[in-house]
Every structure is written in structure tokens, then in C-alpha cells.
There are 2 protein chains.
Amino acid sequence: MQKQTLLTKNQQIIFDLIDKSPEPMKAYSILFNVQKKGIKAPLQVYRALDKLVEIGKIHKIESRNAFIACHNSSCQVAKATAFSICEICEKVTEISSAGLSKYLANFKDKDGMKYSKYNLEFFGLCKKCR
Amino acid sequence: MQKQTLLTKNQQIIFDLIDKSPEPMKAYSILFNVQKKGIKAPLQVYRALDKLVEIGKIHKIESRNAFIACHNSSCQVAKATAFSICEICEKVTEISSAGLSKYLANFKDKDGMKYSKYNLEFFGLCKKCR
DNA sequence: AATTTATTGTTATAATATAACATTATGTAA
DNA sequence: TTACATAATGTTATATTATAACAATAAATT
């Protein structure tokens, strides 16, 4: 079996929903929204989410237990993600900054260790909420 | 009432436990460990954890739903945290790098927005696991 | 066609976290 | 020092997030 490029039915349904959403979606909210399409159980949602995260089509916002579609072609490979999160309206924006990703990918810890995989969440107030 | 500097009984019990632990601790593992000291309910644990996070004595490792004691005096104010996480043994190390924190505190997104609050988690293999 | 691998469906349950309410302790101010 | 306000605690119940285990189906590989 060659590496999956097309999404399966459940993955496609769930990706479409997340991709259309203006805000991060939580697993059980996703479940509620896809029940009419025949996806009835939490596990069906979590399995699709796991796969979509793995192939880089969506990202998990760890501090919110929620998922957003990737809008940055380079993360498909990198698993190196950065977001800004508004602490009032909870708006989440994926940050695509060559400078930032370069800095973080080249960062060395005290042992001289580098990390190609990371997740960064910035917190503050968005334009509207300031 | 002046700003709390000393920990309350429950906070102290739970902080001591986390501080002694060589690895991040999860809430229900904490609960199990402090039941002999009279802390019987999840909520008692979560309340102490919330407060300890708020005052910067511990940090939550978001990707693991676990808590570690702070070993970096500057985060008490900053809420600007960075960790490395070993994907095999799950060892977590808090990163204290003046360069990194300066870079992130000065980072500006596309709207020119700066963030004093952030959480960064690096993933890779620790020395032992490589 | 046989084999392997990925995906799906389903039920049950585990793990993580908060709501709501009553009580007790502690700090502040009249 | 009594009243008031605020913070912390105790308790029961419940909400939310996530996975285990097993059976069945579908798709790619040989």
C-alpha cells in the first residue's frame, strides 16, 4: 500500500468540517456535527483526527484540546507548528514565519541538542479584543 | 488580604510531591499519592494545581496533561515557558535560555503583535534514548 | 487468489476536568 | 472585636476528553 494521499471517507468528512470552521473545533463538537453523515462514535472521530494530524492536514491546539486545519503547506512535513491564541475570544491563528521556524529549528539546548519537531503557542489579545 | 506568598496546606502537599518527582505527574497520579494525607477528591487536586500554575511554582506540560515543578526563577513572573520532551522515555526538561526567551518575547507576528506569554514544547530524543 | 495492511463499526470504559453548593479559615476595615 | 470580604477547603455529582478490545470490511501487494 502506497503512502496515503487521498483522504478516506471519514477523514474527508471531518477534515471538511474543520477546514470550514472559523475556529478550532473540539472532538465532541465534531462528533455532534457529523452524526448526520453516519459517524456515530467518538472513536471514529478520534481515529480520523489522529490520522489527519499525522499527515499534517490539521493541528491540535494542545492548550485547548481543539483542532484546526493547516494553512501552511510547510508543516505537512515539519510538524513544527506555532500559533497565536487570543485569551478573550479564543481566536487561533497559525503563524507562518520563516524567521521563527528557522530560529527554532536551529535552536540548541544546553546539551547541544536540536529539535525539528516543536509546538509553540503564544497567548495574548487579538486585534479586535485589544 | 495580601498577595499569597506561602502555600496553603493542600498546595504545599501537592507541590512537594511534584517537586520531588523526577518526571511530570498527572493529576490522578497526584491524587493517588496524596490520599494518605487527606486529600480525597480530584477537585482538591485540580484547585491546588490551578493555583500553583498561576503563581508559577509548577508548569503544565500541555501535550502530556502533566505537571512539573518550575526550576527557572524567571517564569514565576513571565509565564513564558519552554520544554524539551523525549518521545521515547517521556523525560521532560525545562529550558532556560536567555536567547530563546528574548527571541520569543520580541517576536512580532504579521500584525506586529508581540506576546509576553507563550508555551513552547520541543520533541525529540534525549541523550539516553538516542 | 492469498496475504497483508489500513480503515471502519461498535460497545464499553478509562482518564481528565469542572459545576454546584456548603463550610471553614484568614485578612481587612469599621 | 465584630462585622465584612475573600480565599481555601470539603463533598457529591457530573461533564469532557480519550482509548481498549474485538469483529468486520475494504484496499493494496505479492
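In what follows, every chain begins at residue 1, and chains take the letters A, B, ... in the order their sequences are listed.
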Who passes salt bridge (Lys or Arg N to Asp or Glu O under 4.0 Å) against A/Glu87, sequence neighbours left out?
-> B/Lys117

Interatomic spacing from CG in B/Asp50 to CD1 in B/Ile58 - rounded to 0.5 Å | 8.5 Å

Could you identify which residues of residues 24-44 of chain A place a heavy atom less than 4.0 Å from some atom of DNA chain C, listed by residue number, or say none?
-> A/Lys40, A/Ala41, A/Leu43, A/Gln44

Return no unless some side-chain N or O of B/Thr8 is found under 4.0 Å from OP1 or OP2 of D/dT9.
-> yes

In this structure, CZ of A/Arg130 is separated from CG of A/Leu125 (nearest 0.5 Å) by 7.5 Å

Sequence neighbours left out, what passes salt bridge (Lys or Arg N to Asp or Glu O under 4.0 Å) with A/Arg64? Give chain and number order.
-> A/Glu90

For A/Ile55 and C/dT7, what is the distance between atoms CD1 and C1' respectively, to the nearest whole Å?
-> 13 Å

Between P of D/dA26 and CD of A/Gln12, the distance in whole Å = 19 Å

Let me know the distance between CG of B/Leu7 and P of D/dA8, rounded to the nearest Å.
-> 10 Å

Proximity to the side chain of B/Lys9 - top-ranked nucleotide from D/dA8, C/dG9, D/dG10 = D/dG10

Say you draw a straight line from CD1 of B/Ile55 to CG of B/Leu7; how long is it, rounded to the nearest 0.5 Å?
-> 5.0 Å

Round to the nearest Å and state the distance from B/Asp50 atom CG to D/dA8 atom P.
-> 11 Å

Evaluate the criterion side chain to side chain contact (heavy atoms under 4.5 Å, CB included) for residue pair B/Ile85 and B/Ser63; output intermediate values, then yes/no.
-> CA-CA 10 Å; B/Ile85 302 172; B/Ser63 65; 3.7 Å; yes

Overall bend of the helix from C/dA1-D/dT30 to C/dA30-D/dT1 (five pairs an end, 10° steps) is 40°

Go through the steps to decide whether B/Lys26 and B/Ile61 satisfy the test side chain to side chain contact (heavy atoms under 4.5 Å, CB included), and finish with yes or no.
-> CA-CA 10 Å; B/Lys26 303 194 142 221; B/Ile61 308 302; over 6 Å; no

Would you mind telling me which of C/dT7, D/dT19, D/dG10 lies closest to the side-chain atoms of A/Tyr46?
-> D/dT19

d(CD, A/Gln11; C1', D/dA26) in whole Å = 13 Å

Between D/dT9 (C1') and B/Leu49 (CG): distance, integer Å = 15 Å

Atom-pair distance (CG on B/Leu6; P on C/dA25), nearest Å = 18 Å

Distance-only check: which donor-acceptor pairs under 3.5 Å involve side-chain atoms of residues 99-112 of chain A, not counting sequence neighbours?
residue	atom	partner	partner atom	Å
A/Ser101	OG	A/Ser97	O	2.9
A/Ser101	OG	A/Ala98	O	3.3
A/Tyr103	OH	B/Gly99	O	3.3
A/Tyr103	OH	B/Leu100	N	3.4
A/Asn106	ND2	A/Lys102	O	3.0
A/Asp109	OD1	A/Asp111	N	2.8
A/Asp109	OD1	A/Gly112	N	3.2
A/Asp109	OD1	A/Met113	N	2.9
A/Asp109	OD2	A/Tyr115	OH	2.6

From CA spacing to verdict: side chain to side chain contact (heavy atoms under 4.5 Å, CB included), A/Ile30, A/Ile39 | CA-CA 10 Å; A/Ile30 292 168; A/Ile39 296 176; over 6 Å; no

How many angstroms lie between CZ in B/Arg47 and CG in B/Asn10, if you round to the nearest 0.5 Å?
-> 9.0 Å

Return the value, rounded to whole Å, for the distance between atom CG of B/Asn65 and atom P of D/dT17.
-> 11 Å

Apply the test side chain to side chain contact (heavy atoms under 4.5 Å, CB included) to residues A/Ile18 and A/Leu49: give CA-CA distance (whole Å), side-chain angles for both, the deciding distance (0.1 Å), then the verdict.
-> CA-CA 10 Å; A/Ile18 296 171; A/Leu49 290 173; 3.7 Å; yes

So which protein N/O to nucleotides 23-25 of chain D N/O distances come out below 3.5 Å?
none

